[in-house]
Amino acid sequence: MLLLCGTLCAQYAFSQNSISLANSDVIARNIEKPMSHDHTAMNHSATDIPVVKAVRSAEDAAKHVTTMPASWKGVVDKTIALGTLPGLKFDASAITVKAGSKVKLTFKNTDVMPHNFVLTDVDAGTEVGQLALKLGAKGAEMDYVPSTPKVLEYTSIIDPQKSETIYFNAPSKPGSYPFICSFPGHYIIMKGVITVTQ
């Protein structure tokens with residue numbers, strides 16, 4: 001049975017039923033209300049189906065740092081604890097950091113479906129989310145994070161009740177930097193902004 005929650009599960013339908021992404025979008029647009037269903041029954045969990053991760057470029061790997069850099073000498077300027085809320089939401093939609101600060105971000109997924117955290121360049125949240133949709137069958141092995149300079153930092157796809165900590169330097173240029181969940185379709189409503197100040 002094909003189950004779609006708008007475009008939110010289009011990737012699942014694509015990977016499970018060999019439906020073209022273009023057709024999934026057409027079907028999703030014609031659904032007036034999201035269909036009620038249980039994501040856990042849809043095998044969204046990576047614990048059920050092992051995913052071989054793609055080999056990322058050094059540039060992409062540098063955007064996913066899970067151990068504190070030695071050069072920080074144990075000093076963090078800003079610690080962020082970010083979680084999830086029901087209904088495809090982060091538990092914080094607005095975060096402020098100082099330009100260039102050393103950030104430790106722990107993303108804990110308390111939802112029933114997988115999510116990630118992707119920090120994008122200014123005004124690039126929607127674009128990165130759309131690029132994630134275009135990854136198609138390769139999406140899972142790339143944590144649904146497209147290889148683009150518009151992605152600044154990211155976590156892996158985090159299964160329900162799991163967490164991951166990443167370390168990064170905040171952008172040096174002040175501005176509003178969107179963050180999204182790039183699991184296919186989630187970016188439409190699961191988003192927030194990190195405001196970088198002087």
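Positions are given from 1 along the sequence.
In this structure, the ring-ring contact (aromatic ring centres under 6.0 Å, His included) partners of Phe117, at least two apart in sequence or on a different chain, are Phe179.
Residues Leu152 and Leu82 are members of one and the same hydrophobic cluster, defined by side-chain heavy-atom contacts under 4.5 angstrom among Ile, Leu, Val, Met, Phe, Trp and Tyr. Ile189 and Phe107 fall within a single hydrophobic cluster, where Ile, Leu, Val, Met, Phe, Trp and Tyr are joined by side-chain heavy atoms under 4.5 Å apart, directly or via other members. Clustering ILVMFWY residues whenever any of their side-chain heavy atoms sit less than 4.5 angstrom apart, transitively, puts Ile80 in a cluster other than the one holding Val193. Connection of Val103 to Met68 is not established within any shared hydrophobic cluster, with ILVMFWY side chains joined at heavy-atom distances below 4.5 Å, either directly or through further cluster members. Hydrophobic clustering keeps Met190 apart from Leu131 (ILVMFWY residues linked when any side-chain heavy atoms are closer than 4.5 Å, directly or through intermediates).
Between Lys138 and Glu141 the shortest heavy-atom distance is O-CG, 3.1 Å. Nearest heavy atoms, Ile157 versus Pro114: CG2-CB, 3.5 Å. The heavy-atom pair separating Leu135 from Met142 by the smallest distance is CD2-SD, 3.9 Å. Shown here for Ser182 and Ala132, the closest heavy-atom pair between the two residues is O-CB, 3.4 Å. Residues Ile180 and Gly129 approach most closely at CD1-N, 3.7 Å, considering heavy atoms. Here the closest heavy-atom approach between residue Ser172 and residue Ala99 is recorded as O-CB, 3.5 Å.
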- Message: The test is side chain to side chain contact (heavy atoms under 4.5 Å, CB included); show your working for Ile166 and His64 and say whether it passes.
- Response: CA-CA 7 Å; Ile166 60 171; His64 181 234; 4.1 Å; yes
- Assess whether side chain to side chain contact (heavy atoms under 4.5 Å, CB included) is satisfied between Lys98 and Asp77, documenting all intermediate values. CA-CA 9 Å; Lys98 288 187 178 179; Asp77 299 321; over 6 Å; no
- Query: For Arg56 and Val145, what are the C-alpha separation, side-chain angles and deciding distance, and is it a side chain to side chain contact (heavy atoms under 4.5 Å, CB included)?
  - Reply: CA-CA 10 Å; Arg56 305 294 298 243; Val145 178; 4.1 Å; yes
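Within a 6.0 Å radius of CG in Asp91, more than 12 heavy atoms belonging to other residues, nucleotides or ligands are found. Counting heavy atoms of neighbouring residues, nucleotides and ligands inside a 6.0 Å radius, atom CD of Gln161 exceeds 12 of them.
The side-chain contact (heavy atoms from CB on, under 4.5 Å) test with Glu164 is passed by exactly one of Asn109, Thr106, Thr66: Thr66.
Here the side chains of Cys181 and Tyr144 are not in contact, with every heavy-atom distance at 4.5 Å or above. Looking at heavy atoms from C-beta onward, Lys108 lies out of side-chain contact with Ile158 at the 4.5 angstrom threshold. Residues Pro174 and Thr197 have side chains not in contact (no heavy-atom distance under 4.5 Å, counting atoms from C-beta outward). Looking only at side-chain heavy atoms (C-beta outward), Tyr187 and Val118 stay at 4.5 Å or farther from each other. Between Lys104 and Thr165, some side-chain heavy-atom pair lies under the 4.5 Å cut-off.
Side chain of Thr120 to main chain of Pro178: a donor-acceptor pair is present (N/O by atom type, distance under 3.5 Å, no hydrogens or angles). A donor-acceptor pair is defined here as one N or O able to donate and one able to accept, closer than 3.5 Å; such a pair exists between the side chain of Thr110 and the backbone of Thr84. Remark: the backbone N or O of Thr96 is paired with a side-chain donor or acceptor of Lys78 at under 3.5 angstrom. In this structure a side-chain-to-backbone donor-acceptor pair under 3.5 Å is present from Asn116 to Asp143.
Atom CD1 of Ile95 is separated from atom CG of Leu119 by 9.0 Å, given to the nearest 0.5 angstrom. Here NZ of Lys173 is found 8.0 Å from CG of Asp121. Values are rounded to the nearest 0.5 Å.
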